[in-house]
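This report concerns only the one structure given below.
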Amino acid sequence: SGGQHPTAGLPTMTVSWANLQRGFWFNGFMNTVGLLIFNQCFTSKLITPTYPELFSTEGMLTIMLWGGAYVAASPSLKPGRQKQPYTYAVFFVEKVFYTASHVLWCTRQAGSPLDTLTALAAQEPMTALFYAGYGLNDLLGAFCFGAATIKALGEPHRRAGAFVDKNM
């Protein structure tokens, strides 16, 4: 009452809910099926040792759970459904974390990241492809989830207070 809405001044999002839903599905696919392809159904000999802090078996299972969460949240993007901006914001933060982890991984390589990728490609090309692309994939996911967050927070019915619990 009297204050500005939290999204006042944020850019207007012109991306459609249908395209954002496709982005959620794509991110879910990459985190589940894509990861299974790259880790060769958990038989890769190099994905885990190359970055064990992030890509242990448990870490990869957790990534797959995140993928399931993206797909589970995707119906909320359909017209007439209550949007979940704070859930989308959590997804955004998670993707930023993995993007940053890729940048850190690149900076920690003994030579250049290209040297590491070339050595990986000689042994397991799928692992080299995975390490070459996971940061970009997560950055694209961050854009998708960030756009969904901003768009949901800017929904006119949210600004009118339609989803405020009057009992609190």
Side-chain angles (χ1 to χ4, degrees), residues 6-7 10 13-106 108 113 117 120-121 124-155 157-158 162-165:
T7 62
L10 289 176
M13 300 304 298
T14 57
V15 63
S16 72
W17 286 118
N19 284 334
L20 287 170
Q21 188 174 34
R22 287 181 193 96
F24 276 49
W25 291 337
F26 176 78
N27 279 278
F29 175 84
M30 290 303 291
N31 274 44
T32 55
V33 176
L35 186 56
L36 284 172
I37 291 168
F38 284 111
N39 72 20
Q40 302 160 57
C41 294
F42 293 95
T43 64
S44 168
K45 302 287 189 239
L46 292 176
I47 281 192
T48 297
T50 302
Y51 199 169
E53 300 86 355
L54 210 58
F55 297 112
S56 65
T57 299
E58 294 85 356
M60 289 188 283
L61 287 170
T62 302
I63 291 166
M64 294 175 74
L65 289 172
W66 277 109
Y70 308 150
V71 173
S74 71
S76 70
L77 300 170
K78 291 181 179 179
R81 296 284 185 93
Q82 183 174 340
K83 304 304 184 260
Q84 303 170 18
Y86 304 114
T87 300
Y88 313 151
V90 170
F91 295 164
F92 168 78
V93 170
E94 181 261 346
K95 288 296 188 181
V96 168
F97 168 81
Y98 279 96
T99 301
S101 77
H102 188 254
V103 171
L104 287 173
W105 178 82
C106 288
R108 293 176 178 161
L117 293 172
L120 287 171
E124 276 187 15
M126 292 302 285
T127 297
L129 283 172
F130 174 78
Y131 278 100
Y134 96 80
L136 178 59
N137 178 69
D138 286 324
L139 179 63
L140 293 174
F143 283 125
C144 174
F145 297 130
T149 301
I150 292 169
K151 187 173 177 77
L153 287 171
E155 288 274 283
H157 59 277
R158 285 194 68 82
F163 295 133
V164 174
D165 184 353

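Remember, predicted model here, so these are calculated numbers, not experimental data.
- Here the closest non-hydrogen pair linking L35 and N31 is CB-O, 3.6 Å.
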**Request:** Step by step, work out the side-chain contact (heavy atoms from CB on, under 4.5 Å) result for F42 and T57.
**Result:** CA-CA 7 Å; F42 293 95; T57 299; 4.2 Å; yes
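- For the pair L120 and F130, the minimum side-chain heavy-atom distance is 4.5 Å or more.
- Shown here for T48 and S56, the closest heavy-atom pair between the two residues is CG2-CA, 3.8 Å.
- Atom CG of residue L140 and atom CG of residue L136 lie 4.5 Å apart, to the nearest 0.5 angstrom.
- The minimum heavy-atom distance between S101 and L54, with the atom names listed, is OG-CD2, 3.1 Å.
- Taking the ring axis of W17 as reference, the NZ or CZ atom of K83 stays within 45° of it and closer than 6.0 Å to the ring centre.
- We find the CG-CH2 distance between L77 and W25 to be 9.0 Å, quoted to the nearest 0.5 Å.
- Aromatic ring centroids of Y98 and Y134 lie 6.0 Å or more apart.
- Classified by interplanar angle (parallel below 30°, tilted 30° to 60°, perpendicular above 60°), the ring pair W105/H102 is parallel.
- Annotation: side chain of V96 is in contact with side chain of F92 (closest heavy-atom distance under 4.5 Å).
- Of all heavy-atom pairs spanning C106 and P113, the tightest one is O-CG, 3.4 Å.
- In this structure, the side chains of S44 and F38 stay at 4.5 Å or more apart for every pair of heavy atoms.
- Expressed to the nearest 0.5 Å, how far CD of Q21 lies from CZ of R81 amounts to 9.0 Å.
- Using modelled atom types, no side-chain atom of Y131 and backbone atom of T127 make a donor-acceptor pair closer than 3.5 Å.
- By the 4.5 Å heavy-atom criterion applied to side chains, N137 and F26 are counted as neighbours.
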**Request:** Evaluate side-chain contact (heavy atoms from CB on, under 4.5 Å) for N27 paired with K95, printing each intermediate quantity in order.
**Result:** CA-CA 10 Å; N27 279 278; K95 288 296 188 181; 3.5 Å; yes
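- The shortest distance between side-chain heavy atoms of T32 and Y70 does not fall below 4.5 Å.
- L46 and T50 make their closest contact through O-OG1, 2.5 Å (heavy atoms, listed as atom of the first residue, atom of the second, distance).
- With a 4.5 Å cut-off on side-chain heavy atoms, Q40 and I47 do not count as touching.
- Side-chain contact between W66 and F91 is present, with heavy atoms from C-beta onward closer than 4.5 Å.
- Atom CD of E94 sits about 9.0 Å away from atom OG1 of T99, to the nearest 0.5 Å.
- In terms of heavy-atom proximity, Q84 sits nearest to S76 at NE2-CB, 3.4 Å.
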